[in-house]
Every structure is written in structure tokens, then in C-alpha cells.
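This report concerns only the one structure given below.
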Amino acid sequence: MSKRIRLGILTPSSNTSLEPLTQEIIAPLANVTVHFSRFTVLKISLDDAGLQQFQNDKIVAAAQLLADAEVDMIGWSGTSSGWLGFEADEKLCAEITAATGIPATTSVLALNKAISEFGVKELGLVTPYTDDVQDAVVRTYATIGTDCSNERHLSLTKNSLFADVDEPTLDKMVEEVVAKKVQAVSTFCTNLRAAQRVAYWEKEHGVPVFDTVATVIWDMLRHCQVDMKPLESWGVLFTKK
């Protein structure tokens with residue numbers, strides 16, 4: 001009998017998309033279960049209240065609850081280091097592991113691994129964020145030599161509203177960034193209901209699509225040496241060992 005793998009996912013409190021999508025993605029893996037812990041996130045903005053939501057002590061406390069379930073790995077299913085800087089996620093993962101003894105990753109660090117392994121220099125960026133947040137993400141990606149200037153965003157702030165963005169809207173946004181001849185696209189927000197659309201976009205447009213709900217799962221499963229062949233219908237990312 002194969003070893004049971006438990007994945008622990010840190011979730012923004014107002015997010016209603018990532019949990020059902022994560023469960024759907026891993027459903028074909030009989031030996032894998034996923035478990036969630038929340039901390040308060042209500043809006044995405046660069047003001048003090050928006051930034052203070054991502055204090056590491058609150059996130060580590062949520063991670064310690066996952067450690068009680070003896071999960072094999074902990075993942076932050078969120079994109080905050082896109083505007084805070086990648087070092088924020090690196091520091092968070094180090095603090096989680098120091099507090100729990102469990103390895104950790106994030107949606108963004110996983111996305112960056114995918115960008116590197118697929119050789120992507122021009123990444124189309126699709127988000128629900130405001131102008132200033134989007135600009136910050138574009139600047140952050142420039143620090144690793146990835147051009148995200150071909151982008152579309154919706155200028156929304158309230159996190160709970162991101163889950164209401166419908167597929168036709170996302171279809172149009174992806175189509176518009178692909179028209180700029182990017183090498184890949186990222187739907188960069190874990191409260192967008194987008195992961196279920198990835199295979200369609202990849203077939204339609206002929207470029208990889210990295211959804212941030214999916215990236216953290218991919219990185220965790222890879223670390224735990226889980227065969228991801230049953231997940232290939234969720235996009236080309238899951239074919240990358």
C-alpha cells in the first residue's frame with residue numbers, strides 16, 4: 001500500500017476558490033489528502049492595512065495548526081510576495097520550517113520554479129488587482145529577468161469579489177495577453193476560479209498557463225515524490241517532473 005501524503009495549505013480567510021479547486025485537482029490521487037488553515041486577508045492593497053495582513057507571525061500560527069495534523073509539507077496558496085518581494089516568501093518558508101519542522105513552499109516560489117524550468121522570459125500576467133498592485137508585481141518579476149509588462153487586470157481590491165470573476169472575463173484577458181506573443185501566462189491570484197480553465201487555454205492558445213492555485217500543489221507533490229500523471233488534464237505544468 002502506498003504511503004498516504006498529507007498536504008497542508010495556508011488560505012486567505014476570504015478566499016472561496018482555492019479550497020474547492022485544490023480538492024478537485026488532487027481528487028485523482030488516492031493516497032493524497034489536503035488540509036487547510038486560514039488567516040485574515042480581506043483586501044489586496046498597498047496601504048498599511050493591506051500590507052499588515054501578511055505579517056509572518058499570523059501566518060506561522062496558522063501553519064502550526066497544520067503541523068498538528070502531521071502534514072508532509074505546508075504551502076502558502078497566495079501571491080503576496082508578488083508585491084512584497086520574493087524574499088518575503090523565502091523568509092516565511094524558513095520561519096514555518098523553523099516553527100514546525102515541516103518543509104514549506106508558496107504559490108509564487110513554485111511559479112518561479114516553473115518559469116525557470118520552462119525557460120519563460122515573457123510572462124503574460126492576468127490578475128484582478130489594482131493598478132498599483134499590478135505595477136508592483138511587474139517590477140518584482142523584472143528582478144528575476146521576467147517581463148510581465150503584457151498584462152491585464154480588473155482593478156478590484158476586495159478579496160472576496162475575486163471569486164466572482166467569470167470564465168468569459170478570464171477567457172478574454174488570457175486571449176488579450178497571448179496576443180502580445182508571450183511565452184506563457186499566469187493567472188496570478190488564488191481566489192480566481194481559473195485552474196479549471198488552464199487546459200482549455202493551453203489547447204486554444206498553444207502556450208503554458210501557470211495558475212497560482214495549481215503551482216503550489218505541483219511543487220508540493222513534486223517534493224513529496226507523488227506521481228502526477230493522473231493530473232495531466234489540469235495542464236502541462238503537471239507533466240513537468
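Here the structure is a predicted model, which is why all the values come from computation and not from measurement.
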Run the side-chain donor-acceptor check on residues 88-95: report pairs under 3.5 Å with partners two or more places apart or on a different chain.
from: Asp89; atom 1: OD2; to: Ser81; atom 2: OG; distance (Å): 2.9
from: Asp89; atom 1: OD2; to: Thr106; atom 2: OG1; distance (Å): 2.6
from: Lys91; atom 1: NZ; to: Glu95; atom 2: OE2; distance (Å): 2.4
from: Glu95; atom 1: OE1; to: Asn56; atom 2: ND2; distance (Å): 3.4

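- When side chains are defined from C-beta on, Ser160 does not count as touching Thr16, because their heavy atoms never get closer than 4.5 Å.
- Residues Arg193 and Pro20 form a side-chain contact, since some pair of their non-hydrogen atoms from C-beta on lies under 4.5 Å apart.
- Cluster annotation: Tyr200 is connected to Val209 through the hydrophobic network of ILVMFWY side chains, with a link wherever side-chain heavy atoms come within less than 4.5 Å.
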Show which side-chain atoms of residues 123-130 pair as donor or acceptor with protein atoms under 3.5 Å away, not counting sequence neighbours.
from: Thr127; atom 1: OG1; to: Tyr129; atom 2: N; distance (Å): 3.0
from: Thr127; atom 1: OG1; to: Gln134; atom 2: OE1; distance (Å): 2.6
from: Tyr129; atom 1: OH; to: Thr79; atom 2: OG1; distance (Å): 2.7
from: Tyr129; atom 1: OH; to: Phe188; atom 2: O; distance (Å): 3.2
from: Thr130; atom 1: OG1; to: Asp132; atom 2: OD1; distance (Å): 2.6

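- Residues passing the side-chain contact (heavy atoms from CB on, under 4.5 Å) test with Asp47, sequence neighbours excluded: Lys43, Ser45, Ala49.
- Across all their heavy atoms, Pro12 and Leu18 have their closest contact at CD-CD2, 3.7 Å.
- Two different hydrophobic clusters hold Leu42 and Val165 under the rule that ILVMFWY side chains link at heavy-atom gaps under 4.5 Å.
- Distance check: Gln53 CD to Ile59 CD1 gives 10.0 Å after rounding to the nearest 0.5 Å.
- Heavy atoms only, all atoms of each residue included: Gly75 and Val216 are closest at CA-CG2, 3.9 Å.
- In this structure, CD1 on Ile44 lies 5.5 Å from CZ on Phe162, to the nearest 0.5 angstrom.
- With rounding to the nearest 0.5 Å, the separation of NE2 in His153 from CG in Asp131 is 3.5 Å.
- Each of Thr212, Thr11, Ile9 was scored for a side chain to side chain contact (heavy atoms under 4.5 Å, CB included) with Thr190, with one residue passing: Thr212.
- Closest approach of Thr97 to Pro103, counting heavy atoms only: OG1-CA, 3.7 Å.
- Nearest heavy-atom pair, Leu111 versus Ser186, reported as atom, atom and distance to 0.1 Å: CD2-OG, 3.7 Å.
- No side-chain heavy atom of Val71 sits less than 4.5 Å from a side-chain heavy atom of Leu7.
- For residues 63-75, the side chain to side chain donor-acceptor pair (under 3.5 Å) pairs, not counting sequence neighbours, are Lys3-Asp72.
- Each of Thr157, Asp164, Asn159 was evaluated against Leu161; a single residue qualifies, Asp164, per the side chain to side chain contact (heavy atoms under 4.5 Å, CB included) test.
- The shortest heavy-atom contact between Val108 and Gly78 is CG2-O, 3.9 Å.
- Criterion: ILVMFWY side-chain heavy atoms under 4.5 Å apart, direct or through other members. Under it, Phe54 and Phe36 are part of a common hydrophobic cluster.
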Show every donor-acceptor pair shorter than 3.5 Å between a side-chain atom in residues 218-225 and any protein atom, with sequence neighbours excluded, or say none if there are none.
from: Trp218; atom 1: NE1; to: Leu237; atom 2: O; distance (Å): 3.3
from: Trp218; atom 1: NE1; to: Lys240; atom 2: O; distance (Å): 3.0
from: Asp219; atom 1: OD1; to: Lys113; atom 2: NZ; distance (Å): 3.1
from: Asp219; atom 1: OD2; to: Thr105; atom 2: OG1; distance (Å): 2.6
from: Asp219; atom 1: OD2; to: Lys113; atom 2: NZ; distance (Å): 2.9
from: Arg222; atom 1: NH1; to: Glu117; atom 2: OE1; distance (Å): 2.9
from: Arg222; atom 1: NH1; to: Glu117; atom 2: OE2; distance (Å): 3.0
from: Arg222; atom 1: NH1; to: Lys241; atom 2: O; distance (Å): 3.3
from: Arg222; atom 1: NH2; to: Glu117; atom 2: OE2; distance (Å): 3.0

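- Linking Ile, Leu, Val, Met, Phe, Trp and Tyr whenever their side-chain heavy atoms come within less than 4.5 Å leaves Leu109 and Ile96 in two separate clusters.
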Practice task
Quick one: do Val198 and Phe210 satisfy side chain to side chain contact (heavy atoms under 4.5 Å, CB included)? Show the steps, please.
Solution key: CA-CA 8 Å; Val198 164; Phe210 306 134; over 6 Å; no
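- Separating the CG atom in Leu65 from the OG1 atom in Thr100 is a distance of 11.5 Å, to the nearest 0.5 Å.
- Here the closest heavy-atom approach between residue Ala99 and residue Val60 is recorded as CB-CG1, 3.7 Å.
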Output side-chain donor-acceptor pairs under 3.5 Å for residues 168-185, partner residues at least two apart or in another chain, one line each.
from: Thr169; atom 1: OG1; to: Asp166; atom 2: OD1; distance (Å): 2.6
from: Asp171; atom 1: OD1; to: Arg197; atom 2: NE; distance (Å): 3.0
from: Asp171; atom 1: OD1; to: Trp201; atom 2: NE1; distance (Å): 2.8
from: Asp171; atom 1: OD2; to: Arg197; atom 2: NH2; distance (Å): 3.0
from: Glu176; atom 1: OE1; to: Arg152; atom 2: NE; distance (Å): 2.8
from: Gln183; atom 1: OE1; to: Lys121; atom 2: N; distance (Å): 2.6
from: Gln183; atom 1: OE1; to: Glu122; atom 2: N; distance (Å): 2.9

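- Once rounded to the nearest 0.5 Å, the distance linking CG of Leu10 with OG of Ser107 reads 10.0 Å.
- Separating the CG atom in Asn15 from the SG atom in Cys189 is a distance of 7.0 Å, to the nearest 0.5 Å.
- For the pair Met228 and Trp234, the minimum side-chain heavy-atom distance is 4.5 Å or more.
- In this structure, the side chains of Ser17 and Val213 stay at 4.5 Å or more apart for every pair of heavy atoms.
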